[in-house]
Amino acid sequence: MVERGLVGFFENFVGRESVFLNKKALQSTYTPDAMLHRNEQIQKIAEVLAPSLRKDRPSNIFIYGKTGAGKTLCVKHVTKNLTTVAAAKNIPLMALYVNCKLKRTADTEYRLLAQLASMFGKAVPPTGLPTDEIYKIFYSAVESKNHNIILVLDEIDQLVRKAGDGVLYNLTRINDDLKTSQISIVGISNDLMFAETLDPRVRSSLSEEEVIFPPYNAMQIRDILRERAKAAIKPGVLQEGVIEKCAAYAARDHGDARRAIELLRVSAETAERKNQSTVTTEHIDEAEQNIEKDRIFEIVEMQPKQYQATLYAIISLSGKKDAIFTGEIYDLYKGICSKTGLRPLTQRRISDVLAELDVFGIINARVISKGRYGRTREISTQLDNSVKAKITGVLRESLGI
DNA sequence: AGGTATTCACATGAAACTATTCTCTGAGTTAGG
DNA sequence: TAACTCAGAGAATAGTTTCATGTGAATACCTGT
């Protein structure tokens, strides 16, 4: 019977009208042909990079803007057009894009260089060689190409935070040593204060030009959503006001267009799953909650055992009182460790773990002083009880309690 | 009452250590000529 | 003698531990009125 029902479900699913025309246009990998409300920035970037077509070295550019402000897309848009023209006119020009945030790919000096070397077709072992060896390989690879190279470093702040600014110093200086090729760097950062922390020499050479991407406002996000929706969703499916509401939600927290697009996609999926042919504003609310919940569960499941044990301690305590402190958590955590056979970490480490859980947004931690009674982190959660119970279940399972 | 000094309970920083993964090198071993 | 194997040295990295220093404000302790 179950089988029959399942077959029926699938048959029904296939026969059903989808609300999507082309779902890809709402996914994060999609690159639209035209960028709305970013002409000024695109123009500026293009102006700075254009000299590369005449074999001059363009200035380095530094690009700032919050997440979802269209930085990456704009830069890719410009470099794509640039290389197309270069290829058509037989100008030796290459644009390399590297995302420095990707773990195990380009988040250290060694790995960044290894990544770049492999883009030149020189495979490099993931470890075992001294870093300056990799530099030499990279040098010779660049030198042999005889190209003008535009190096786009996305999320460059992550790289510097982990590996220090020595990498950038070396890269900005590399042109002094190169004879046949030239490199210019496009750094993308979403931390506005990032440049302040750099070594002044690096800073001045890296930000010869600067481009700032202000957050989109609600109107602009609305336009972007309309454009995407035109390509992605069947006409007439979206109810009046849906796009406006998505835009308003996204504009509320720093104008993140990516988030707005995700919200629209999940809303449409929700409607589709419920077998409804229109997307209403109620779907948006539901989608928003689900996105948040899914995110939390995903993060919780991903965490290493030690983090999970810490989180378990926090959630156990959070039911009983409204404010909990590092010391209490650590005591309970030690108990959990001995119960589960986990080797307890030091309090110093747990302190960092708590800070990281805060960054993930699973808990709220803030450092407070209780005067005579010391200084500590005050930790709270804003998860509602049903979510807490579910997380507890997941953690129990994972920790074997 | 008002001002200063203490003091707590951690936070925060830096350095050092550990375990793991990987390459390279050269000595020792093996098989074929 | 060439090819192969394998242990050991050297590197990079993530995750910790150890040691050292910092810190905000409630309280304790003065001080002069």
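Note: hydrogens, waters and symmetry copies are ignored here, and every other heavy atom, side chains too, is used.
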Under 6.0 Å from the NZ atom of A/K390, do we count more than 12 heavy atoms belonging to anything else shown?
no
Contact under 4.0 Å: [X] side-chain N or O vs [N] OP1/OP2:
X      : N      : result
A/T346 : C/dT17 : yes
A/R349 : B/dC10 : no
A/T326 : B/dC10 : no
A/R377 : B/dA11 : yes
A/R348 : C/dT17 : no

Run the salt-bridge test on A/R265 and A/E269 with the 4.0 Å N-O cut-off and return the result as yes or no.
yes
N-O pairing of A/R226 and A/E244 below 4.0 Å:
yes
Check A/R295, A/K293, A/R252 against A/E288 for a salt bridge (charged side-chain N to carboxylate O under 4.0 Å, His left out) and give me the one that passes.
A/R252
Rounded to whole angstroms, how far apart are [atom1] on [X] and [atom2] on [N]?
X      : N      : atom1 : atom2 : answer
A/I329 : B/dA11 : CD1   : C1'   : 14 Å
A/Q303 : C/dG15 : CD    : P     : 11 Å
A/I324 : B/dC10 : CD1   : C1'   : 16 Å
A/E356 : C/dG15 : CD    : C1'   : 10 Å
A/E328 : B/dA9  : CD    : P     : 12 Å
A/E378 : C/dG24 : CD    : C1'   : 14 Å
A/R111 : C/dT13 : CZ    : C1'   : 6 Å
A/Y330 : C/dT17 : OH    : P     : 8 Å

Salt bridge (charged side-chain N to carboxylate O under 4.0 Å, His left out): which pairs involve residues 46-57 of chain A, sequence neighbours left out?
A/R57-A/E208
First locate atom OG1 of A/T310, then atom CD1 of A/I315, and finally report the distance between them rounded to the nearest 0.5 Å.
11.5 Å
Taking atom OH of A/Y307 and atom CG of A/D352, what is their separation to the nearest 0.5 Å?
8.0 Å
With a 4.0 Å cut-off on heavy atoms, is A/R343 in touch with a base, just the backbone sugar-phosphate, or nothing at all?
sugar-phosphate
Given C/dT23, C/dT13, C/dT17, the nucleotide with the shortest approach to the side chain of A/R375:
C/dT23
Give each protein N/O atom lying under 3.5 Å from an N/O atom of nucleotides 26-30 of chain C, with the pair distance.
| unit_1 | atom_1 | unit_2 | atom_2 | d |
| --- | --- | --- | --- | --- |
| C/dA26 | O4' | A/R372 | N | 3.2 |
| C/dA26 | N3 | A/R372 | N | 3.4 |

